[in-house]
Amino acid sequence: MTLTSVAGCDSIATLNLTINDVLTSLEDVTICSNQLPYNWNGIDYSTAGSYDVTLTSVAGCDSIATLNLTINDVSSLEDVTLCSNQLPYTWNGIDYTAAGTYDVTLTSVARCDSIATLNLTINDV
């Protein structure tokens, strides 16, 4: 671009324009529910979902980071009612012959300690 200076002389201005891309990142995280809240970029998250945060890169551009948070439950409850002639009842490899509430600690496929509870009710024949 050619301009005229205050002294009436031609002046040439050159613009070197560099455009930096917006940076994006994606982080997939799976945790056990007993590890909540999950802190990411200074923010605590307590529910599963997809979350975006806009940051500033070292070049001064917007940087969008996305968190995909999956939460695996560590407990389960199973209510079972049987007739007494159906005993013993086998649950998680253990035979039960009396009514009651029973807990067993297992490791889930997500490597979470998981507590499974059986509420066993037995009706007489």
No-hydrogen, no-angle side-chain donor-acceptor test under 3.5 Å, Asp62 and Thr54: no
Short question: side chain of Ser57, backbone of Cys61 - any donor-acceptor pair under 3.5 Å? yes
Compare all side-chain heavy atoms of [X] with those of [Y] and state whether any distance is below 4.5 angstrom.
X      : Y      : value
Val104 : Trp91  : yes
Asp113 : Val74  : no
Leu82  : Leu87  : yes
Ile64  : Leu23  : no
Val29  : Thr70  : no
Asn119 : Thr117 : yes
Trp40  : Leu69  : no

From Asn72 atom CG to Gln35 atom CD, the distance as rounded to the nearest 0.5 Å: 9.5 Å
Under the criterion side chain to side chain contact (heavy atoms under 4.5 Å, CB included), I'd like the reasoning laid out for Tyr38 against Leu67: C-alpha separation, chi angles, the key distance, then a yes or no. CA-CA 11 Å; Tyr38 181 75; Leu67 167 67; 4.2 Å; yes
Heavy-atom neighbours of Ile94 CD1 exceed 12 at 6.0 Å: yes
Nearest heavy-atom neighbours spanning Leu36 and Ser46: CD1-O, 3.5 Å
Non-hydrogen atoms of Ala48 and Ile71 that approach each other most closely: N-CD1, 3.4 Å
Check step by step if side chain to side chain contact (heavy atoms under 4.5 Å, CB included) holds for Asn92 and Leu106. CA-CA 9 Å; Asn92 286 308; Leu106 308 166; 3.9 Å; yes
Under the side chain to side chain contact (heavy atoms under 4.5 Å, CB included) criterion, do Leu26 and Asp28 qualify, and how do the steps go? CA-CA 7 Å; Leu26 175 64; Asp28 293 317; 4.3 Å; yes
